[in-house]
Q: 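A single structure is presented below for examination.
Source: prediction; values computed, not measured. Each chain gets a letter, A, B and so on, in the order its sequence line appears, and its residues count up from 1.
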Protein chains: 2
Amino acid sequence: MDVRKRVGTNLRRLRSETGLSQERFALEHGFDRTYISGIERGARNPTIQVVQRIAEALEIDVMELFARPAE
Amino acid sequence: MDVRKRVGTNLRRLRSETGLSQERFALEHGFDRTYISGIERGARNPTIQVVQRIAEALEIDVMELFARPAE
DNA sequence: ATGTGACTTGTAGTCCGTT
DNA sequence: AAACGGACTACAAGTCACA
């Protein structure tokens, strides 16, 4: 499994669990909505600093975004 | 702690454990010698696909490179 | 509310070196 | 063996209009 899919899947699940839409999550944490969308779909190849910023927004350790998602 | 330092510190430890120099590690796995050096020092901000490729070269899960290093 | 193509600007990634 | 510099090209960062 590609790491982009991995991070994207984890982000989508964790972001959903906060109860926020992509739009509100992006707005409240200073991201562009379409950029978050692209990462969740695995269409983007973000740098580790971007992933770090997302982890901070989710209030989790960056490592969690790289966990292998359950099938 | 910055995520670049985290990945760099982990890479340096894990790469050293393989017994390979930066130069040989890079050569044998198709990386640029100076780029590996930069990542280990935390001076670079690699994309997640590059970190994935490094993890594959180390034969570990990419998640391990994001673990919080021991102090 | 999300997906997608297109776009500009900045920097990731590579290659040549020297210290 | 590793840190570091300069220059270059490929592509990520960040944004927008529209479906």
Q: When the distance from CD of B:E23 to P of C:dC15 is rounded to whole Å, what number comes out?
A: 14 Å
Q: Can you check whether A:S37 has a side-chain N or O nearer than 4.0 Å to OP1 or OP2 of C:dG3?
A: yes
Q: Would you check if the side chain of B:D32 reaches a backbone N or O of B:A26 as a donor-acceptor pair within less than 3.5 Å?
A: no
Q: Before you tell me yes or no, could you show the steps for A:T9 and A:R13 under side chain to side chain donor-acceptor pair (under 3.5 Å), namely the whole-Å CA-CA distance, both residues' side-chain angles and the distance that decides it to 0.1 Å?
A: CA-CA 6 Å; A:T9 300; A:R13 191 191 77 252; over 6 Å; no
Q: With the side chain of B:R12 defined as its heavy atoms from C-beta on, choose the nearest nucleotide among D:dC4, D:dA2, D:dA12.
A: D:dA2
Q: Without decimals, in angstroms, what is the distance between A:I54 CD1 and D:dA12 C1'?
A: 13 Å
Q: Quick check on D:dA13: is either OP1 or OP2 less than 4.0 Å from any side-chain nitrogen or oxygen of A:Q49?
A: no
Q: Quick one: is B:S21 getting a side-chain N or O under 4.0 Å of the D:dA2 phosphate, OP1 or OP2?
A: yes
Q: Using a cut-off of 4.0 Å on non-hydrogen atoms, how would the nucleic acid contact of B:R4 be classed: base, sugar-phosphate, or nothing?
A: nothing
Q: Less than 4.5 Å apart, any side-chain heavy atom of A:I39 and any of A:V50?
A: yes
Q: May I have the distance from A:E40 (atom CD) to C:dG3 (atom P), rounded to whole angstrom?
A: 7 Å
Q: For B:Q22 and D:dC4, give me the distance from atom CD to atom P, rounded to whole Å.
A: 11 Å
Q: Counting primed atoms plus P, OP1 and OP2 as sugar-phosphate and everything else as base, spell out the protein contacts along nucleotides 14-19 of chain D at 4.0 Å heavy-atom distance: B, S or - for each nucleotide, 5' to 3'.
A: BBBBB-
Q: Which residue lies toward the 5' end of DNA chain D, B:R24 or B:N45, if each is placed at its nearest nucleotide?
A: B:R24
